[in-house]
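One structure is given here, and the rest of the page talks about it.
The figures that follow rest on heavy atoms only: side chains count, while hydrogens, waters and symmetry mates do not.
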Amino acid sequence: MRGEIYEAADVEKVWSRLIEVFKAKLLNIPAELAGKLAGEEDSGVIEEELEERMNDALLELMNVDPEEYKSKDLVELDEEEENENTKII
């Protein structure tokens, strides 16, 4: 992703979609596990199931593909251009 510029609208669309998916996954956990864990007395089993579902939801946020941000107006800089445009003040 270094040296690439993304349109703000594209970034917003991708992250909005990711947040919606994440929210839906989190909100669905109680419904998914209620029947499965009903009557379960082992807190370790309950904790393990909850952790697994939450980690699945978090993985969605980790697996962001930078290609999804690209628009037709993407500006890519080569290393020389990037160095010219990056000045330490």
Can you check side chain to side chain contact (heavy atoms under 4.5 Å, CB included) on L50 and I46, steps first, answer last?
-> CA-CA 6 Å; L50 289 170; I46 295 169; 4.0 Å; yes
Between CD of E51 and CD of E48, what distance do you get to the nearest 0.5 Å?
-> 8.0 Å
Interatomic spacing from CG in L18 to CE in M62 - rounded to 0.5 Å | 12.5 Å
Interatomic distance, M54 atom CE to D56 atom CG [nearest 0.5 angstrom] = 11.0 Å
For residues 25-40, run the donor-acceptor check on the side chains, cut-off 3.5 Å, and write out each pair with its distance to 0.1 Å, sequence neighbours left out.
unit_1, atom_1, unit_2, atom_2, d
N28, ND2, E32, OE2, 2.8
E32, OE1, R53, NH1, 2.2
K36, NZ, E49, OE1, 3.3
K36, NZ, E49, OE2, 3.2
E40, OE2, D42, N, 3.1

